[in-house]
Engineer: 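If you scroll down you'll find the structure; I have some questions about it.
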Amino acid sequence: MSLKLLWFVSSQSNLGFLHHGNRSLPCPNLLFQHRAGKGKNQRWKPHFCSLRTHVPGSEGLRRSKVKVTVMSTMAATSSAGEIAMSSEEKVYNVVLKQAALVNKQLRSPRGDVVVPGDLSLLNEAYDRCGEICAEYAKTFYLGTLLMTPERRRAIWAIYVWCRRTDELVDGPNAPHITPTALDRWEARLEDLFNGRPFDMLDAALANTVNKFPVNIQPFKDMIEGMRMDLRKSRYKNFDELYLYCYYVAGTVGLMSVPVMGIAPESLASTESVYNAALALGIANQLTNILRDVGEDAQRGRIYLPQDELAQEGLSDEDIFSGKVTDKWRNFMKKQIKRARMLFHEAEKGVKELNASSRWPCLNC
Ligand SMILES: CC(C)=CCC/C(C)=C/CC/C(C)=C/CC/C(C)=C/[C@@H]1[C@@H](COP(=O)(O)OP(=O)(O)O)[C@]1(C)CC/C=C(\C)CC/C=C(\C)CCC=C(C)C
């Protein structure tokens with residue numbers, strides 16, 4: 001995996017940029033254990049736990065009892081004694097559900113593929129997805145050529161849906177996008193999952209989700225991430241940022257694994273592979289955030305955890321000024337360590353994938 005996290009901090013005006021890479025550290029939050037403030041009714045508890053979790057539906061397929069390391073360092077307990085889940089725990093629950101679903105569908109596969117319209121139209125739709133993919137992400141596209149034709153087409157269809165979703169809030173029409181428009185996009189997503197695609201690109205994805213055990217949840221969650229982007233421009237702490245990163249990028253990993261497939265010889269649990277996929281998405285998004293600090297600031301957005309900025313004595317004004325100071329360097333070093341740690345987590349999962357699917361991940 002060419003995951004080198006080199007960072008160059010210019011001594012001039014810009015805040016620096018980086019490439020991603022691998023270096024292992026114990027866990028993202030171990031680096032950042034402080035929470036901004038304790039709510040009146042909340043008690044924060046250290047939560048470095050390892051759970052043994054039974055995943056329903058996974059019996060007899062892969063190891064069903066898996067050791068789950070909850071990456072969150074803290075869980076909140078309200079005065080009523082209810083445990084408030086951290087974002088990492090919430091997301092991990094999605095991972096467990098996904099993994100159980102994949103295992104269930106592997107045991108009882110869906111019926112024959114329903115081809116919407118005629119076959120040549122469907123082929124055309126997939127080809128168009130490939131073209132779009134090649135246009136937006138050349139290296140990644142070349143990597144997909146190493147996959148089996150069926151898998152490659154499916155990944156293209158997923159890529160195109162993700163790209164279109166991202167364009168809604170990041171593309172030329174972004175200023176006109178409202179929560180209602182996102183609701184309509186979500187309704188359209190549900191339609192395609194129910195075999196009623198709106199256009200040819202949706203038809204390719206409809207065919208993909210029929211062939212592979214892909215669940216709608218990560219797709220819906222990505223749209224939720226776009227909603228979050230519309231209403232939020234600051235993240236109080238890493239917990240909030242983690243959820244955002246899951247929505248917009250961790251979801252990509254969860255969508256892709258059912259298509260890429262786990263190697264038949266792999267002894268890893270399905271959950272651990274999904275966890276690695278999640279880590280790759282989140283690591284990529286954190287890297288993008290660190291790379292784009294200046295660009296985001298120009299749009300009035302700061303995706304960095306506010307409590308961690310404050311701990312280094314940095315304010316929004318420092319970010320907007322774009323000056324590289326020792327405080328900034330210290331802050332960035334910690335953020336980079338966290339991203340590296342997640343890349344390291346992801347790396348472990350790549351070798352568990354079907355052999356032909358490994359290379360494209362290295363180009364992510
Ligand atoms: C086989 C394979 C590699 C599949 C993934 C392909 C895929 C479906 C990509 C979709 C990417 C996309 C368009 C997402 C929309 C939201 C978005 C823009 C997220 C950011 C991507 C960075 O893209 P880029 O820098 O080009 O974006 P901008 O120019 O800044 O708009 C993200 C950072 C998310 C990317 C997420 C991944 C690369 C995660 C991929 C994880 C896997 C494929 C799982 C691998 C499995 C294991 C076990 C490790």
Side-chain angles (χ1 to χ4, degrees), residues 1 3 17 19-20 22 95 98-99 102 129-130 132-148 151-171 174 204-205 208 212 214 218-219 221-226 228-229 244-263 266 268-293 295-296 299 303 339 342-354 356-364:
M1 199 185 263
L3 303 174
F17 63 95
H19 304 284
H20 37 86
N22 64 341
V95 169
Q98 283 296 119
V102 169
C129 289
I132 297 173
C133 190
E135 201 179 309
Y136 279 89
K138 187 90 192 156
T139 322
F140 162 68
Y141 169 79
L142 292 174
T144 62
L145 298 182
L146 298 170
M147 301 173 97
T148 62
R151 289 203 168 105
R152 161 199 320 157
R153 286 170 14 135
I155 288 292
W156 292 344
I158 296 176
Y159 178 87
V160 166
W161 185 87
C162 292
R163 180 51 64 201
R164 293 215 279 181
T165 306
D166 187 52
E167 287 285 300
L168 291 177
V169 291
D170 242 2
L205 185 58
T208 288
F212 295 92
V214 178
F219 293 82
D221 286 345
M222 184 178 277
I223 298 175
E224 192 52 39
M226 305 303 155
M228 207 172 194
D229 240 343
Y244 173 72
C245 292
Y246 158 68
Y247 282 147
V248 299
T251 48
V252 176
L254 304 192
M255 294 168 192
S256 311
V257 171
V259 172
M260 292 188 290
I262 300 176
S266 165
S269 65
T270 312
E271 304 74 48
S272 68
V273 181
Y274 271 86
N275 221 15
L278 178 69
L280 185 55
I282 292 177
N284 268 297
Q285 186 61 28
L286 287 176
T287 306
N288 273 14
I289 286 174
L290 300 182
R291 184 197 63 194
D292 296 340
V293 171
E295 197 183 296
D296 290 332
R299 297 188 300 143
Y303 288 97
L342 286 158
F343 277 119
H344 181 71
E345 262 323 289
E347 218 171 348
K348 289 188 254 168
V350 175
K351 59 180 183 294
E352 308 299 340
L353 294 172
N354 230 301
S356 73
S357 303
R358 288 174 203 155
W359 268 105
C361 293
L362 307 182
N363 290 321
C364 279

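Position 1 is the first residue of the sequence, and the numbers go up from there. In listed order, ligands and their atoms are each counted from 1. Please read all numbers here as calculations on a predicted model, not as lab measurements. These values consider heavy atoms only, across backbone and side chains, with no hydrogens, waters or symmetry-generated copies.
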Engineer: Which is closest to atom 36 (C) of ligand 1 by heavy-atom distance: Val252, Val248, Val169?
Structural biologist: Val252

Engineer: Need the ligand 1 atom indices (1-based, order shown) with element for anything under 4.0 Å from a heavy-atom of Val350.
Structural biologist: 49 (C)

Engineer: Which of the atoms in ligand 1, numbered in the order shown and given with their element, are less than 4.0 Å from a heavy-atom of Ala277?
Structural biologist: 44 (C), 46 (C), 47 (C), 48 (C), 49 (C)

Engineer: Using heavy atoms and a threshold below 4.0 Å, how should the contact between Ser256 and ligand 1 be classified: side chain, backbone, both, or neither?
Structural biologist: side chain

Engineer: Below 4.0 angstrom from a heavy atom of Cys361, which ligand 1 atoms are there? Numbered from 1 as shown, please.
Structural biologist: 45 (C)

Engineer: Closer than 4.0 Å to some heavy atom of Gly349 - which atoms of ligand 1 meet that?
Structural biologist: 48 (C)

Engineer: Tell me every residue that passes side chain to side chain contact (heavy atoms under 4.5 Å, CB included) with Ala276, counting only those two or more places apart in sequence or in another chain.
Structural biologist: none

Engineer: With a heavy-atom distance limit of 4.0 Å, tell me whether Arg291 approaches ligand 1 through its side chain, its backbone, both, or neither.
Structural biologist: side chain

Engineer: Cut-off 3.5 Å, no hydrogens considered: what does the side-chain donor-acceptor table look like for residues 156-166, sequence neighbours left out?
Structural biologist:
unit_1, atom_1, unit_2, atom_2, d
Trp156, NE1, Thr144, OG1, 3.0
Tyr159, OH, Arg163, NE, 3.2
Tyr159, OH, Arg163, NH2, 3.3
Arg163, NH1, Asp166, OD2, 3.3
Arg164, NH1, Asp199, OD2, 3.0
Arg164, NH2, Asp199, OD1, 3.2
Arg164, NH2, Asp199, OD2, 3.3
Arg164, NH2, Asp202, OD1, 2.9
Thr165, OG1, Trp161, O, 2.7
Thr165, OG1, Trp185, NE1, 3.0

Engineer: Tell me whether Asn275 contacts the main-chain N or O of Glu271 through its side chain, where contact means a donor paired with an acceptor under 3.5 Å.
Structural biologist: no

Engineer: Would Phe140 count as a contact residue for ligand 1, given that I'm defining contact as a non-hydrogen atom of the residue lying under 4.0 Å from a ligand atom?
Structural biologist: yes

Engineer: For atom 43 (C) of ligand 1, which of the options Met260, Glu347, Glu352 provides the nearest non-hydrogen atom?
Structural biologist: Met260

Engineer: For ligand 1, which atoms, with element, lie under 4.0 Å from some heavy atom of Gln285?
Structural biologist: 19 (C), 20 (C), 32 (C), 33 (C)

Engineer: Thinking salt bridges, do Arg299 and Asp292 make one under a 4.0 Å N-O criterion?
Structural biologist: no

Engineer: Should you measure from each heavy atom of Arg163, which atoms of ligand 1 turn up under 4.0 Å away?
Structural biologist: 13 (C), 26 (O), 27 (O), 31 (O)

Engineer: Identify, by atom number and element, the atoms of ligand 1 in contact range of Val273, meaning under 4.0 Å from any of its heavy atoms.
Structural biologist: 48 (C)

